[in-house]
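Accompanying notes for the structure given below.
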Amino acid sequence: MSKKKHKKGSTVKKLAFGALLGASFTIGFLSSQEQGLSLPFNLPLNSIAEFITSHILYLQIITSLIFILPSAWMVFRTKQLLKDKPITDEEAEVFDRRVDGKINTIFTLDSIFVILHFLLFGIALDGANPTAAASIIFFIAVLPFVFLLDLQGTNMLKEKDSTKNFHLLSNDFEYEYLNTCDESEKEMIFKTAYSTFVTMKMALLIAFVITLVTKQLFDTGNYPVVLVGMLWLTHTVTYLHNAKKNTPA
Amino acid sequence: MPLHNRLKVYRAELGLNQTELAKLAGVSRQTISLIERGDYAPSVILALKLATICQTTVESIFQYEEEKHETEAL
């Protein structure tokens, strides 16, 4: 990254951090006042929540279709691609880029879907949900399909690169995969992990401020504030502990 | 990147493609491609491995050229 771009990025981050702190203090001050903090208009939150809860099964089905069908299509297309064997370096370059791109798309779609699937399942577990039983059955029934798609993705990865010898069902599958990577792949993974850590620091701070706002505006209580705070603490402590562990004596 | 290399030249002399050289060096084809493009600086171990495969020295394959502003700063 050039120095100018880096300076501009740092300035933006400082401004964003300052804005977050300012917002937190403002919220704190306003909530301490007699009139408290409230929206200038009525938001029919209860009606929206009821609507979502009573129609959650449809949301689960739609989300599954949006993510699983394209993932399955990617699996099919990648299998077709793997039938071609590149000969020249240029063909190998194009082949690797296309196959890796498709496999990454499969894993991305599956990962995002699993999170949304769990999220919707969590919302479905509600006494006000008339289709709660159907939601639970649907939740359990869809998971094997996602697992099969992930399995297909890993099998295709192994077919493309025979050095990638890891098992999806293994408890240490992430570390098994890391051990099969060569030095440039490991460097890419480490850079990605660090960038994610830095982004999550900001994301957790923003989430914390949001819980302060919702506590005042929608009376969500202290639980979300404490939960996000604990996640933030876990995130930081885990990094510090691993940094110490990985530092040579 | 200040590290320049002639890996492609040596590879061509050996009559190997990137996949074959990668196999001999124990890395992925993408790593060899990244090294040849100058987008990745190999570790000492990998550089020595490549030099052994190409039957030459590391310095023959890889050359370090400091950037002008670094030299001026010194």
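Chain A is the first sequence line, chain B the second, and so forth, proteins listed ahead of strands; every chain is numbered from 1.
Looking only at heavy-atom pairs under 4.5 Å with chain B, the residue among A:T88, A:D100, A:T163, A:D96 that has the most is A:D96. Residue with the most contacts toward chain A among B:Q30, B:R29, B:Q18: B:R29 (heavy-atom pairs, distance under 4.5 Å).
Formation of a donor-acceptor pair under 3.5 Å by the A:E176 side chain with backbone atoms of A:S170 is not found in this model.
Nearest heavy-atom pair, B:S33 versus A:E93, reported as atom, atom and distance to 0.1 Å: OG-OE1, 2.9 Å.
Ring geometry for A:F67 versus A:F113: interplanar angle of 30 to 60°, hence tilted. Taking the six-membered ring where tryptophan is involved, the planes of A:F197 and A:H235 are essentially parallel, since the angle between them stays under 30° and well short of 60°.
Only the side chain of A:K160 comes within contact range of chain B, with heavy atoms under 4.5 Å apart.
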